[in-house]
Amino acid sequence: TFGISVGTNAPGAYTNYLGLTGTNVVVNVNDSGIDEAHPDLAQRVKADSPSTLIDFDGHGTHVAATIAGSGSM
């Protein structure tokens, strides 16, 4: 099992004692673009220009979904 513990418990006990959720966190992804239509990223991405919301390569979408995806797909 892989995880990051923010608790004071022994390793492996992933208690979020600080109550961290990741809400309202803004990150930037500089990559091949992001497919805004991807289900994991619905309502989760914004762009400075419409052309950055197209991803012909798929790598930028993969990276963005790893960082901010919902996990639905």
Side-chain angles (χ1 to χ4, degrees):
T1 304
F2 175 79
I4 298 172
S5 176
V6 294
T8 57
N9 301 327
Y14 305 112
T15 303
N16 186 358
Y17 79 98
L18 294 175
L20 302 176
T21 65
T23 349
N24 298 318
V25 173
V26 177
V27 297
N28 181 60
V29 176
N30 291 328
D31 211 308
S32 61
I34 295 175
D35 178 5
E36 69 173 332
H38 193 285
D40 278 350
L41 298 172
Q43 304 300 313
R44 293 175 176 259
V45 295
K46 295 182 181 183
D48 58 350
S49 85
S51 65
T52 59
L53 294 176
I54 301 169
D55 186 7
F56 295 108
D57 180 74
H59 189 267
T61 300
H62 175 79
V63 171
T66 299
I67 296 168
S70 66
S72 67
M73 296 294 285

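Take D31 and apply the side-chain hydrogen bond (donor to acceptor under 3.5 Å, both in side chains) test, not counting sequence neighbours, and it matches H59. Listed by chain and number, the residues in a side chain to side chain contact (heavy atoms under 4.5 Å, CB included) with S72 are P39, D40, S70 (sequence neighbours excluded).
When I54, D55, T61 are each tested for a side-chain contact (heavy atoms from CB on, under 4.5 Å) with S32, only one passes: D55.
Atom CG of N30 is separated from atom OG1 of T52 by 10.0 Å, given to the nearest 0.5 angstrom. Interatomic distance, NE2 of H38 versus CG of L53, reported as 14.0 Å (0.5 Å rounding).
Scanning all heavy atoms of the two residues, the minimum distance from G60 to V29 falls at O-CG1, 4.5 Å.
Note: the hydrophobic cluster containing L20 does not contain V25 (ILVMFWY, side chain heavy atoms under 4.5 Å, direct or indirect links). Criterion: ILVMFWY side-chain heavy atoms under 4.5 Å apart, direct or through other members. Under it, V63 and V27 are part of a common hydrophobic cluster.
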